[in-house]
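One-based numbering, in listed order, for ligands and for the atoms of each. Numbers here simply count residues along the sequence, with the first being 1.
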Amino acid sequence: MNAPSSLDSLVPDVQPREVPDVLIDALKTVFGDRCSTARAVREQHGRDESSFDVPPPAAVVYAESTADVSRLVQLAGQHAVPVIPYGAGSSIEGQLLAVQGGISLDLSRMDQVLSVNPEDLTVTVQPGVTRRQLNDVLKSDGFFFPIDPGADASIGGMASTRASGTNAVRYGTMRENVLALEVVAASGEVIRTGTRAKKSSAGYDLTRLIVGAEGTLGVITEITLRIHPLPEAVSAAICSFPSLDAAVQTTIQTIQLGVPIARCELLDANTVRLVNRHSHTELPESPMLLMEFHGSPTAVKEQAELVQELATDLGGNDFAWATTPEERTRLWTARHNAYFAGVQSIPGARAVTTDVCVPISRLADSLGAAIDDANASGIPYFMVGHVGDGNFHMGYLIDPADPAQREGAERLNQTLVERAIAMGGTCTGEHGIGLHKMRFLATETGEGSVAMMRAIKQALDPKNILNPGKIFSL
Ligand SMILES: Cc1cc2nc3c(=O)[nH]c(=O)nc-3n(C[C@H](O)[C@H](O)[C@H](O)COP(=O)(O)OP(=O)(O)OC[C@H]3O[C@@H](n4cnc5c(N)ncnc54)[C@H](O)[C@@H]3O)c2cc1C
């Protein structure tokens with residue numbers, strides 16, 4: 001393992017680039033009151049859910065069209081000033097921070113669902129559409145879009161972090177669900193990638209290159225997504241276990257048997273307690289799997305019976321079913337709020353969040369070791385996992401003003417990541433690299449891969465204006 005042991009420089013020591021007055025004047029002329037230099041607006045756009053503090057961008061521009069995006073990128077490019085695309089601001093790894101200064105490009109006003117194509121199971125949206133907004137539109141036609149990060153993130157942001165969520169075990173991540181993009185390149189040119197066809201062998205897969213690029217290669221201005229018919233039957237259940245290991249073993253066996261479970265989420269006993277307090281639920285305070293099954297009524301019954309049998313063999317209690325849509329919504333809302341339940345359990349705390357993902361056969365080892373290390377450290381934490389995917393999050397709760405606590409949490413993360421990589425896994429299953437995981441990228445992918453990423457970045461963005469200083473340093 002060659003990840004550096006020093007934790008001193010998680011935020012690279014790079015001087016912010018100068019944003020000349022002439023550029024701000026030009027932006028105000030072009031965008032009027034859609035260009036703001038108000039401190040509160042800049043500060044709101046200069047932070048995310050990470051625990052880093054970095055000075056805010058010099059200005060925020062609200063785009064309302066692809067032409068706006070292209071114009072802004074061209075103007076910023078003339079002065080080699082960074083442009084940081086901003087969706088809903090829910091990213092966790094420092095992706096939005098203006099580490100080299102520059103302009104925040106807010107895409108939330110590009111929020112139109114442009115077309116729904118039920119016959120082809122596709123939808124085309126602007127990047128500021130949020131996942132909940134999209135599902136409200138699709139519901140009336142009998143469809144849904146399954147990718148559901150806990151926050152009400154924007155589709156542009158989700159594509160850019162290659163997000164997933166609780167449904168990924170059955171429906172895949174943004175990687176599988178984005179078909180085509182419209183992108184504004186660093187030159188300001190508007191390009192298209194992919195088509196609405198289900199598959200294509202036409203040249204390099206630029207769609208997959210932009211998905212997960214965290215705004216470093218282009219600004220996404222339109223996205224065509226796969227959508228899915230609302231399942232005929234849905235059943236959600238919780239099951240408590242005598243130990244975390246029993247819950248994990250149930251998950252591993254479920255996946256290895258090929259049960260097409262739609263959601264399989266793990267909470268440890270402490271996190272269930274925090275969730276109960278935060279969401280006023282009365283879930284049994286032991287290790288717990290939250291599950292959902294989709295399909296025909298018969299298929300759902302079969303899947304549930306099989307998993308129930310596996311759980312019982314491992315000491316799991318009877319399933320408690322959430323039978324009505326309202327109960328299911330309450331259950332999944334509580335699960336989605338587990339992050340806030342954790343962070344808000346200690347006044348003033350911030351979470352150093354981990355995101356490892358390992359092959360399913362190594363999940364028990366990876367998770368067990370993470371819990372042992374966290375307990376030994378004395379640092380308070382919460383734990384939630386999209387365990388059906390082998391992906392789980394430890395949230396180490398620290399006082400952001402105490403360097404020793406941050407150091408301790410980062411050391412736990414480093415150990416966790418190194419172990420996951422040694423097991424054939426990744427430092428980030430869904431949150432992305434941002435700033436926080438930059439130092440693990442070469443360890444995971446090898447120097448040759450990072451060199452290829454650098455070459456792509458330098459070819460597509462020679463002035464390094466698109467969200468510079470993220471994923472890797474140049
Ligand atoms: C409580 C909570 C739970 C979460 N749970 C999950 C989870 O289960 N799964 C998961 O994957 N994530 C999760 N996240 C993280 C976060 O929601 C995702 O990373 C999400 O995809 C970010 O979307 P956003 O719209 O907020 O993007 P932002 O935070 O605004 O931006 C994220 C990145 O994308 C870039 N970007 C944004 N829009 C564009 C665009 N149009 N073109 C190019 N680049 C763009 C930004 O520059 C930045 O680098 C969670 C976060 C919170 C706070």
Under 3.5 Å between any N/O of L96 and any N/O of ligand 1: does that happen in this structure?
no
Atom 33 (C) of ligand 1: closest protein heavy atom, distance to 0.1 Å, is T161 CG2, 3.9 Å
Is there a polar contact, in the sense of an N or O pair closer than 3.5 Å, between N467 and ligand 1?
yes
Check ion pair D389-R170 (N to O, under 4.0 angstrom)
no
Test of proximity, A151 against ligand 1: N or O pairs below 3.5 Å:
no
N/O of P149 under 3.5 Å from N/O of ligand 1, yes or no?
no
Checking a contact table here: which protein heavy atom is nearest atom 5 (N) of ligand 1, and how many Å away?
G150 N, 2.9 Å
Geometry only, no angles: is A88 polar-contacting ligand 1 at N/O separations under 3.5 Å?
yes
Of the protein's non-hydrogen atoms, which lies at the shortest distance from atom 1 (C) of ligand 1, and what is that distance?
F340 CE1, 3.4 Å
For F144 together with Y171, are the ring centres under 6.0 Å from each other?
yes
Are the side chain of D48 and the backbone N or O of S90 linked by a donor-acceptor pair below 3.5 Å?
no
Are F52 and H436 close enough, and set up right, to give a ring-ring contact (aromatic ring centres under 6.0 Å, His included), and what steps lead you there?
CA-CA 9 Å; F52 302 114; H436 190 210; 5.7 Å; yes
Taking NZ, NE, NH1 and NH2 as the nitrogens, is one of them in D205 or R175 under 4.0 Å from a carboxylate oxygen of the other?
no
Under 4.0 Å, heavy-atom basis, I'd like to know which part of K470 is in contact with ligand 1: side chain, backbone, both or neither.
neither
Does any N or O atom in H336 lie less than 3.5 angstrom from one in ligand 1, N or O only?
no
Quick check: E49 and ligand 1, any N/O pair under 3.5 Å apart?
no
Could you walk me through whether H386 and H393 pass the side chain to side chain contact (heavy atoms under 4.5 Å, CB included) test, one step at a time?
CA-CA 8 Å; H386 309 301; H393 309 301; 3.6 Å; yes
Could you say whether the N/O atoms of I220 and ligand 1 ever approach to under 3.5 Å?
yes
